[in-house]
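Keep in mind the model is a prediction, meaning the values are calculated, not measured. Numbers here are sequence positions counted from 1.
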Amino acid sequence: DPTHEPEGLLRRTSKGYLPGPEGTERINATLLALVRNEELNGMLQAMNDLERTWNHKFNYPWTFFNDVPFTEEFKRRTSAATKAECHYEVIPDEHWVKPGWINEDLFQESVKMLKENDIQYADKLSYHQMCRWNSGMFYRHPALEHMQYYWRVEPKVHFFCDVDYDIFRYMQDNNKTYGFTITLYDAPQSIPTLWPETVKFLAEHPEHVHPNNAMDWLTDRVRRPEHNSKANGYSTCHFWSNFEIADLSLWRSKAYEDYFNHLDRAGGFFYERWGDAPVHSIALGLFEDKSRIHWFRDIGYQHIPFFNCPNSPKCKGCVTGRLTDGEAWLNREDCRPNWFKFVGMG
Ligand code: GDP
Ligand code: MN
């Protein structure tokens, strides 16, 4: 419908990309949320933030995923929160259910050990399933078959800053494949064998390593040698994937397919509590050109208890320089300086 076109149009100006009359069409992209029916209010809050600060200018569609069907109320109220199209998708069992090669006794024993080490959610099967789905399954859903980019959004997250350019077009025009806001250290006890399995995988598949990789960021070899022992060689610093803007071709690549299958067979999504954040981050650090990874400093963001707050009048409610709304010790979890140092951002 041509009368609705200008909303999504963009024009290149000296200030970057602005919505404008003589631009081009929307990029092939979606906002993406895995969410439970019970999280409706949190989802509406996150949607309202992102619609207000950004998406009402571009109207990218929303795609919601759930392991059970969405309720009519969920569909009605989320659809009412945006002018853009909304799609509601059920995850097929074969993408969600614990795979047959996972030994139930070993899983139960492992859960006990993880709990003893205070690993949060370790005893929730659905949390393990969610991490596996976000790692290696979501992009296989038929609803995303023809999509190129996605922006992952979780219920209850906050967006603070007005952003006037088309984020997805920025990704495309600048040859970026992955965008993040926050990086954190992980609990080493949640991923003790993730790096050793990765090393095994690399011995079998050295061809997948990119010449311009971020291996030294993953191991933090240069900056803090003492961290090498943290999770058996991995610093545990990862892109915090509750915020994730990415090109789906990353995960559809041969390198990632081989890597995910190796990890999936190794069983650590269940015997340990491998998260999609360290899995995606290690894959990016090894198989992707590091110059294609972008820090969105201008997207003010919060997922409890961490922030990304730019110093800009365009941001409301985001305190510049504040990393966390919790106690100061949480600041130590923040490992953004590692990335900045690694890519030479001072
Ligand atoms: P945390 O951020 O690690 O504390 O984990 P969350 O509880 O926020 O879960 C991460 C994301 O997965 C959120 O978007 C949740 O809504 C979603 N999620 C987690 N478990 C399930 C589940 O069993 N079913 C569905 N549909 N979504 C889930
Ligand atoms: Mn969350």
Please step through side chain to side chain contact (heavy atoms under 4.5 Å, CB included) for the pair Met345 and Arg297, ending with a clear verdict.
CA-CA 12 Å; Met345 286 171 71; Arg297 74 161 76 207; 3.9 Å; yes

As an exercise, state the distance from OG of Ser235 to CG of Asp216, rounded to the nearest 0.5 Å.
11.0 Å

Short side-chain donor-acceptor distance under 3.5 Å, Tyr139 and Asn134:
no

Which residues pass the side chain to side chain donor-acceptor pair (under 3.5 Å) test with Trp217, sequence neighbours left out?
none

Phe180/Trp240 aromatic ring centres below 6.0 Å:
no

Can you run down the side-chain hydrogen bond (donor to acceptor under 3.5 Å, both in side chains) pairs that involve residues 261-286, sequence neighbours left out, and say none if there aren't any?
Arg132-Asp264, Arg152-Asp276, Thr193-Glu272, Glu197-His262, Ser241-Asp276, Glu244-His280, Glu272-Trp274

Evaluate the ring planes of Phe296 and His294, with Trp represented by its six-membered ring, and classify them as parallel (under 30°), tilted (30 to 60°) or perpendicular (over 60°).
perpendicular

Please check if any side-chain donor atom of Asn175 sits under 3.5 Å from a side-chain acceptor atom of Arg292, or the reverse.
yes

Ring pair (Phe, Tyr, Trp, His ring centres under 6.0 Å) against Phe64, all qualifying residues, sequence neighbours excluded:
Trp62, Phe74, Tyr88

Proximity of Tyr150 and Tyr60 rings by center, below 6.0 Å
no

Could you work out, with disulfide (SG to SG under 2.5 Å) as the rule, every residue matching Cys86, not counting sequence neighbours?
none

Are Phe239 and Tyr178 close enough that their ring centers fall under 6.0 Å?
yes

Distance col, row Leu40:CG vs Met47:CE, nearest 0.5 angstrom, shows 10.0 Å

Minimum heavy-atom separation for Asn213 to Phe342, with atom names?
O-CZ, 3.8 Å

Salt bridge (Lys or Arg N to Asp or Glu O under 4.0 Å) assessment of Asp164 paired with Lys314
CA-CA 10 Å; Asp164 297 324; Lys314 288 178 174 220; 2.8 Å; yes

Verify whether one side chain among Thr198 and Tyr259 offers a donor that lies under 3.5 Å from an acceptor in the other.
yes

Distance-only donor-acceptor hits, side chain of residues 105-114, under 3.5 Å, sequence neighbours excluded:
| residue | atom | partner | partner atom | Å |
| --- | --- | --- | --- | --- |
| Gln108 | NE2 | Glu104 | OE2 | 2.6 |
| Ser110 | OG | Leu106 | O | 2.5 |

Under a 4.0 Å N-O cut-off, is there an ion pair linking Lys75 with Glu72?
yes

Between Lys200 and Glu204, is there a salt bridge with N-O shorter than 4.0 Å?
no

Salt bridge check: are Lys115 and Asp118 linked by an N-O gap of less than 4.0 Å?
no

Tell me every residue that passes side chain to side chain donor-acceptor pair (under 3.5 Å) with Tyr149, counting only those two or more places apart in sequence or in another chain.
none

Over 60° means perpendicular and under 30° means parallel, so tell me whether His95 and His141 are parallel, tilted or perpendicular.
perpendicular

Minimum-distance pair of heavy atoms, taken over all atoms of Leu144 and Leu248:
O-CD1, 4.3 Å

Kindly compute the distance separating CH2 (Trp251) from CZ (Phe138), expressed to the nearest 0.5 Å.
7.0 Å

